[in-house]
Amino acid sequence: MPPGPEGTQVIRRDGRRAEPTQGARAWSQAPEPSPQHGVRPGATEPTRAHRPQGGSPYAPPQKPEPYADPYRRQADRVGPPVQPPRRTGPAAPPPQPPRPAKTRRKANWGRRIGLVLAALLVLVGGSVVYLDRGLNRIDALADYPGRIGDTPGTNWLLVGSDSRTGLTPEQEQELATGGELDSKRTDTIIIVHIPKSGKSTMVSIPRDSYVTIPGWGKDKINSSFSGEDGGPQLLVQTVEEATGLRMDHYVEIGFGGFAGIVDALGGINICVPYPIDDPLAGINLQPGCQDLTGAQALGFVRTRATPLADLDRMKNQRAFMSALLDKSTSIGTLINPFRLWPMATKTAESVQVDEDDHLWNLAGLAWAMRGGPIATTVPIAGFEDVDAGNVLIWDRERASEFFGALAEDRPIPESLITTGP
C-alpha cells in the first residue's frame with residue numbers, strides 16, 4: 001500500500017520542523033481506502049456508500065446548492081409579487097369611523113352687528129309707537145275764517161296750565177297748588193320758532209298781555225284760555241292774530257307733568273339769581289346754581305315773590321325750559337335707558353298735543369332747542385289799569401318788527417331782543 005499523504009508541514013521560527021499535528025483531519029487528508037473496502041481500482045474518491053460513518057474523524061463532503069428566495073420577484077415571473085405571510089397576533093380593533101373634520105366658522109361680525117342694530121331698531125320703533133299711542137290729543141289747531149297762511153319755519157305754542165287733573169290731595173299739598181279752581185288758567189305761554197337754519201327762538205308771552213280776543217274784545221290773553229268759552233282753540237287763534245305767526249304744533253302740560261318730568265330726569269340744575277322764599281309756591285331757595293326737584297322746579301316757574309313779579313316769572317320760565325331741554329337731550333340721558341324711558345313715559349302721560357302731533361314731533365322740538373335757544377320776551381311798553389285790571393301793554397311798533405322778522409324766518413334784530421325782565 002502506498003504511503004499516505006504527507007500532512008501539513010509547519011516550519012518553526014528556529015528552522016526546525018514541527019511534529020505533525022495529531023487529531024482530526026480534513027477529508028482531503030484521508031488516506032486512500034483499500035480495495036477491500038469497496039473502492040474500485042483507480043478511483044480517486046470513495047463513493048458515498050463507503051464514506052466513513054459514525055465516529056469517522058473526517059468531515060463529510062459538502063456540495064453547495066443554489067437557494068431560491070420564493071418572495072424575491074424573479075425577472076421571468078408573471079403576475080403580482082408574492083407577499084410574505086403576515087405575522088399572526090391578537091386581533092386588531094375594528095377601525096373607527098373617521099371623525100368629521102372640524103370646520104371653524106369665520107366670525108361674521110358685520111352680520112352680528114347688523115342683527116343687533118336691527119333688534120334695537122325694532123325695540124325702539126315699537127317703544128315709540130307704544131308711547132305715541134298713549135299721547136293725550138286734543139283739537140287745538142282748528143281752522144277758522146280768515147286764518148293766516150303758513151309762515152316759514154316751524155312754530156310751537158307751549159302752554160303750562162295750572163290744571164290739577166290727576167293729582168291726589170297729598171300731591172296737591174306737596175306741590176303747593178292751592179287746591180282745585182273753577183276754571184283752568186295758563187301760567188306759561190311760550191312761542192318757539194324753529195328756523196330752517198340757525199338757532200331757535202323762545203319768546204315768552206306775558207299772561208296779562210292786553211290783546212284782542214276774537215269774539216270777546218280786549219282782555220288779558222290768559223282769559224282766552226280760561227274764559228267760559230275759552231280753551232286751546234281760542235288761545236291759539238288769539239296768539240296767531242296778535243303775532244302774525246301761524247302755529248304748527250301745540251303742547252300743553254299741567255302741574256303734575258312739570259314735576260313728574262323733572263323727577264324722571266333726576267332733577268335739573270338751575271341758577272337762581274336771588275333768594276326766593278314763597279310759601280304759596282312751596283319753595284325757599286338761596287341764590288346760586290343748584291339741582292331742583294320736581295316740586296322745587298314747579299315752584300320756581302310759578303312764583304311771583306320776586307322784585308318784578310310776572311316779568312321775573314317769565315325769565316324763570318325760560319331758564320327752566322332751557323335747563324329741562326338741555327338735560328333731556330344730553331348724552332347721559334339718551335344713552336341711559338333707566339332715565340330715558342321714565343322721562344319718555346312721563347312726558348307721554350303728562351302732555352296734551354294737537355291731533356296731528358306725534359312723539360317724534362316732541363323729540364324734534366327738544367333736539368332743536370339743545371344748546372340753548374335765543375330766549376327773549378315780546379317788547380313791552382309798560383302796565384296800565386283797565387276794566388280787566390292791571391294789564392301789560394305791548395310796544396306795538398317794536399312788537400310788529402319783532403314778530404315780522406320771525407314771520408319771514410329772519411333773525412330778530414339785536415335791539416329787539418330782551419334777555420332780562
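Side-chain contact of Glu240 with Tyr144: a donor-acceptor pair under 3.5 Å is present, judged by distance alone.
A distance-only check finds no donor-acceptor pair linking the side chain of Thr303 to the backbone of Gly299 [under 3.5 Å]. A donor-acceptor contact shorter than 3.5 Å links the side chain of Asp354 to the backbone of Leu141. With hydrogens and angles ignored, the 3.5 Å screen pairs a side-chain donor or acceptor of Lys327 with a backbone N or O of Gly267. Listed for the Gln296 side chain is no donor-acceptor partner under 3.5 Å among the backbone atoms of Ile283. A donor-acceptor pair is defined here as one N or O able to donate and one able to accept, closer than 3.5 Å; no such pair exists between the side chain of Arg318 and the backbone of Ile190. In terms of modelled atom types and a separation under 3.5 Å, the side chain of Asp357 and the main chain of Tyr250 share a donor-acceptor contact. In this structure, the side chain of Ser400 does not engage the main chain of Arg396 through any donor-acceptor pair within 3.5 Å. Judged by distance alone, the side chain of Asp263 and the main-chain N or O of Gly260 form no donor-acceptor pair under 3.5 Å.
The line from CZ of Arg370 to CG of Leu334 is 10.5 Å long, rounded to the nearest 0.5 Å.
By the neighbour-count criterion of 12 heavy atoms within 6.0 Å, atom CZ of Phe338 is sparsely surrounded, having that number or fewer from other residues, nucleotides or ligands. For Asp143, the CG atom is densely surrounded, since the number of other residues' heavy atoms within 6.0 Å is greater than 12. More than 12 heavy atoms of other residues, nucleotides or ligands lie within 6.0 Å of CH2 in Trp341, so this atom counts as buried by the packing criterion.
Of all heavy-atom pairs between Glu408 and Pro152, the closest is C-CG, 4.5 Å.
Residue pairs meeting the ring-ring contact (aromatic ring centres under 6.0 Å, His included) criterion with at least one partner in residues 285-328, sequence neighbours excluded, are Phe258-Phe320.
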For this session: Take Trp394 and Ser209 through the side-chain hydrogen bond (donor to acceptor under 3.5 Å, both in side chains) test and state the conclusion after the steps.
Result: CA-CA 7 Å; Trp394 292 2; Ser209 297; 3.0 Å; yes

